[in-house]
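Written below as structure tokens is the structure these notes are about.
Letters A, B, ... mirror the listed sequences (proteins, then strands); counts begin at 1. In what follows, every heavy atom counts, from backbone to side chain, and hydrogens, waters and symmetry copies are set aside. Not measured: the values here are computed from a predicted model.
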2 protein chains.
Amino acid sequence: MSEQLMTEAAVSLLVERGIAGTTLAGIGERSGYSRGLVTHRFGSKAGLLAHVHDSIAAEWLRRVQGVVGRATGVAALQRVTDALYKFIVDEPKGLRAMYLLRYASIDPSAEYRANVAKLNKAHVRALTRWVEEGQAHGEIAAEVDPGLAAELFASVVDGLLYRWLVNPDIPVKELHGLMRQHIARALRAAQT
Amino acid sequence: MSEQLMTEAAVSLLVERGIAGTTLAGIGERSGYSRGLVTHRFGSKAGLLAHVHDSIAAEWLRRVQGVVGRATGVAALQRVTDALYKFIVDEPKGLRAMYLLRYASIDPSAEYRANVAKLNKAHVRALTRWVEEGQAHGEIAAEVDPGLAAELFASVVDGLLYRWLVNPDIPVKELHGLMRQHIARALRAAQT
DNA sequence: CATAACTTGCTTGCTGCCAGCAAGTAAGAG
DNA sequence: CTCTTACTTGCTGGCAGCAAGCAAGTTATG
């Protein structure tokens, strides 16, 4: 179907030329249609970008759920980082496009800003729950503030991906290992 | 001088309307000149944005140097986070504009991309040195990889700022405190 | 001291590109 | 033969970027 084709064309163009360099006409033509179809289907450039973002985000969510399974606490968070690392290795283009869009969404003129903000909040909520469950099992120190820890964890993930986007040569594998360690140590130790 | 005025107008427009919503004509007129002066002075929109970014980055650098002083090791990193927190409180608009631009620079079509990448590397180099000095004083565990620790630290800072841009209501103060703790714990403890 | 040549700081007119809209075509389904 | 679905084409307005020009100094020259 044309939507799928256009989404794929959009991803490759986004990775090659970025958001500003990607034109609706270019997407239409690369996917074998006319210059006008994209607008007709997705309403606007923002609409298309939101669709691209959301479809990759859905794929990411599926992967995380698959990897985390029924795990909680430290193991759950570590598996999220595992899924992240795997995503970087398996689908660098998709991840790149998604984060390109996500970072662009801080621009007040980006119409899918609210979308991203909501998704971020949902993500933190899931992380918070895993920390709380870890505390319930006595695995994570009671002094840890689950919401705060979740927010910090999410920040590290986002920041790491930003750095990877700017400079793909950073030692992603080693950083992944370091994160796994930090998660275990920081959560098991006690703090205010 | 007109450059200063236009830079200030650009910052306020960036914060209000974002990059796409900020027009060169708008900047010229808000600063009391004609619609064409900005292009004439800075050559292009990218040239202007690079100038705005660099002038705020210079201010940030000055602040960090002032706060860190001759400190090294854990204290140096903690003071960087202090400077960050202070910057968020004192100059949210400037910081916001700078990070808006910095995140936008991952877009391959952004011409000042190289600029930002270079700055990021310089930042990591400074952080690495502080960690190494901490190891020389025996304060930081020898097993810590200074470059890796620096990269992770930088990621946390960038990620936190991204999250703050998306949602200014996150508990910045508490996260700052949590970071200070993590820095001390993670670096003093031993690891592979 | 007067005027000509040049510089600096800024404005205005124009062009090309792109998003978005509106109208239209083509082809299959009922 | 009409309705729907999938797609195309023509057009408009807005913006970046360029080029030409103006106005108010400043320096050089006899």
Which parts of nucleotides 14-21 of chain C does protein reach within less than 4.0 Å, heavy atoms only, written one letter per nucleotide 5' to 3' as B for base, S for sugar-phosphate only and - for none? B---SSB-
Can you list everything that forms a side-chain contact (heavy atoms from CB on, under 4.5 Å) with [X]? Sequence neighbours excluded, please.
X: A/Pro92; result: A/Trp164
X: B/Lys86; result: B/Arg63, B/Asp90
X: A/Asn115; result: A/Ala50, A/Asp54, A/Tyr112

Over how many whole Å does the gap from [X] atom [atom1] to [N] atom [atom2] extend?
X: B/Tyr33; N: C/dG9; atom1: OH; atom2: C1'; value: 9 Å
X: A/Phe42; N: D/dA6; atom1: CZ; atom2: C1'; value: 13 Å
X: A/Gln4; N: D/dA6; atom1: CD; atom2: P; value: 15 Å
X: A/His40; N: D/dG10; atom1: NE2; atom2: P; value: 16 Å

If you only use heavy atoms from C-beta on, which nucleotide in D/dA20, C/dT12, D/dT8 is closest to the side chain of A/Leu37?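 Among the listed nucleotides, the one closest to the side chain of A/Leu37 is D/dT8.
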Results of side-chain hydrogen bond (donor to acceptor under 3.5 Å, both in side chains) for B/Arg125 - residues two or more places apart only: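 B/Arg125 satisfies side-chain hydrogen bond (donor to acceptor under 3.5 Å, both in side chains) with no residue once adjacent residues are dropped.
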Name all residues meeting the ring-ring contact (aromatic ring centres under 6.0 Å, His included) criterion together with B/Tyr33; count only those two or more places apart in sequence or in a different chain, and write none if there are none.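 Applying ring-ring contact (aromatic ring centres under 6.0 Å, His included) to B/Tyr33 gives none.
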Over 60° means perpendicular and under 30° means parallel, so classify the ring planes of A/Tyr103 and B/Tyr162, tilted if in between.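 Ring orientation of B/Tyr162 relative to A/Tyr103: perpendicular.
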